[in-house]
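These notes are about the structure you will find just below.
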Number of protein chains: 2
Amino acid sequence: MNNAFKALSDPTRRKILDLLKDRDLTAGEISDHFNMTKPSISQHLKLLKNADLVQDEKKGQFVVYSLNTTVFQELISWALEFIDKGDGQK
Amino acid sequence: MNNAFKALSDPTRRKILDLLKDRDLTAGEISDHFNMTKPSISQHLKLLKNADLVQDEKKGQFVVYSLNTTVFQELISWALEFIDKGDGQK
DNA sequence: AATTCATTTAAGTATTTAACTAAATACTAC
DNA sequence: GTAGTATTTAGTTAAATACTTAAATGAATT
């Protein structure tokens, strides 16, 4: 999960994830939403992919990115433990 | 939430939160769990506090730290949106 | 096979971050 | 008020990060 937390710590990457909530997008479409060069966005996408937060699929000369929800589920489990454990002590 | 994500991106800070799941701890007790100087831990605690992930309370010469669960709840809500939105598209 | 378009990789730079040591603050007890 | 303990603040350094531009890869088009 460390990669995921690292990946989520950047606002640009979280905004990319937000965009992918609506629909799958190519790398180019994603970068169109930012005031940033394509290589920069490509790096962010690489990080998101290494963190298993997104998947990519080659479609001809395009690369289509989509959300991978499994890590989000893990994140929820992780956060729930902090809320549950509140009972035992005070 | 940006501060929270930033705060959560560091393994040491996540371990601090894990420790506080069991019980409230003083700054000193927390730093005893790490191979790291007290000032370093103090900085981490400051960040966690600014992110509203922990609270502190002065008890005499000690400072007792405890979890603040509200941001964890927000985090769950945030993550849930990514799972729910999975329906609409494929 | 040469050209163009989409994307990534490489290399360099500026900023941020996480650690340290030393000094300051704050409380406790004599 | 001096001494001791707990914690934080300040200043520094090394490593990590987020950008940039330039070059490389790979597919589509003529």
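So that the names make sense, note that chain A is the first sequence line, chain B the second, and so on, each numbered from 1.
Under a hydrophobic clustering in which Ile, Leu, Val, Met, Phe, Trp and Tyr are joined whenever their side-chain heavy atoms come within less than 4.5 Å, directly or via other members, Val64(B) and Phe82(A) fall into different clusters. Residues Leu48(A) and Phe62(A) do not share a hydrophobic cluster, clusters being chains of Ile/Leu/Val/Met/Phe/Trp/Tyr side chains in contact below 4.5 Å.
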5' to 3', nucleotides 4-10 of chain C under a 4.0 Å protein heavy-atom cut-off (B base, S sugar-phosphate only, - none) gives -BSBBB-
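Summarising the geometry of Arg14(A) relative to Leu8(A), their closest heavy-atom pair is NH1-O, 2.7 Å, with the distance given to 0.1 Å.
Asn50(B) has its CG atom 15 Å from the C1' atom of dT17(C), to the nearest Å.
For the salt bridge (Lys or Arg N to Asp or Glu O under 4.0 Å) condition, no pair includes a residue of residues 58-70 of chain B, sequence neighbours left out.
Residues Ile76(A) and Leu80(B) have side chains in contact (heavy-atom distance under 4.5 Å, counting atoms from C-beta outward). For the pair Tyr65(A) and Ile16(A), the minimum side-chain heavy-atom distance is 4.5 Å or more. The shortest side-chain heavy-atom distance between Lys15(A) and Thr12(A) does not fall under the 4.5 Å cut-off. With contacts defined as side-chain heavy-atom distances shorter than 4.5 Å, the pair Val54(B)/Ser66(B) does not qualify.
Looking at residues two or more places apart in sequence or on another chain, you find no side-chain hydrogen bond (donor to acceptor under 3.5 Å, both in side chains) involving Asp52(B).
Listed in residue order, the members of residues 1-18 of chain B having a heavy atom less than 4.0 Å from DNA chain D come to none.
Taking side-chain N and O atoms only, His44(B) has no distance below 4.0 Å to OP1 or OP2 of dT17(C).
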For residues 39-47 of chain A, run the donor-acceptor check on the side chains, cut-off 3.5 Å, and write out each pair with its distance to 0.1 Å, sequence neighbours left out.
| residue | atom | partner | partner atom | Å |
| --- | --- | --- | --- | --- |
| Ser40(A) | OG | Thr37(A) | OG1 | 3.0 |
| His44(A) | ND1 | Arg13(A) | NH1 | 3.0 |

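For DNA chain D, the contact window with chain A, defined by any atom under 4.0 Å from a protein heavy atom, covers dT17(D) to dA28(D) in 5' to 3' order.
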